[in-house]
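This report refers to the structure that appears directly beneath it.
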Amino acid sequence: MNDTPELSEVDVSHISVSDIEEVVVDCDRCVVRGISCHDCVVTVLLGAPPAVVWDADERRALDAFADAGMVPRLRLVEGPVSHTA
């Protein structure tokens with residue numbers, strides 16, 4: 001059984017880039033990993049890194065590149081954080 005949602009089922013409408021000061025890109029926690037990697041800026045720029053931290057300025061730069069059609073948008077959709085004991 002595959003727990004990965006279809007990309008069209010993932011609601012990201014509540015996320016605003018201006019609300020994010022820093023984003024940690026951890027591909028292992030992305031719930032659309034595998035179904036959207038081919039169209040994600042992380043894969044285009046870096047391959048599939050274990051984790052990347054981008055600050056607000058870097059996020060705005062990525063958005064500017066995406067707006068200009070130079071790279072695809074960041075497709076990161078994080079699932080819940082699981083804590084192990």
Fill in: Contact check, side chains of Asp63 and Arg73, non-hydrogen atoms, under 4.5 Å
yes
Item to complete: Could you list the residues that satisfy side-chain contact (heavy atoms from CB on, under 4.5 Å) with Cys40, not counting sequence neighbours?
Response: Val42, Thr43, Leu74, Arg75
Worksheet, complete the sentence: By side-chain contact (heavy atoms from CB on, under 4.5 Å), Asp57 pairs with (sequence neighbours left out) Asp55, Arg60
Item to complete: Please identify each residue that fulfils side-chain contact (heavy atoms from CB on, under 4.5 Å) with Leu62, with sequence neighbours left out.
Response: Val41, Leu45, Trp54
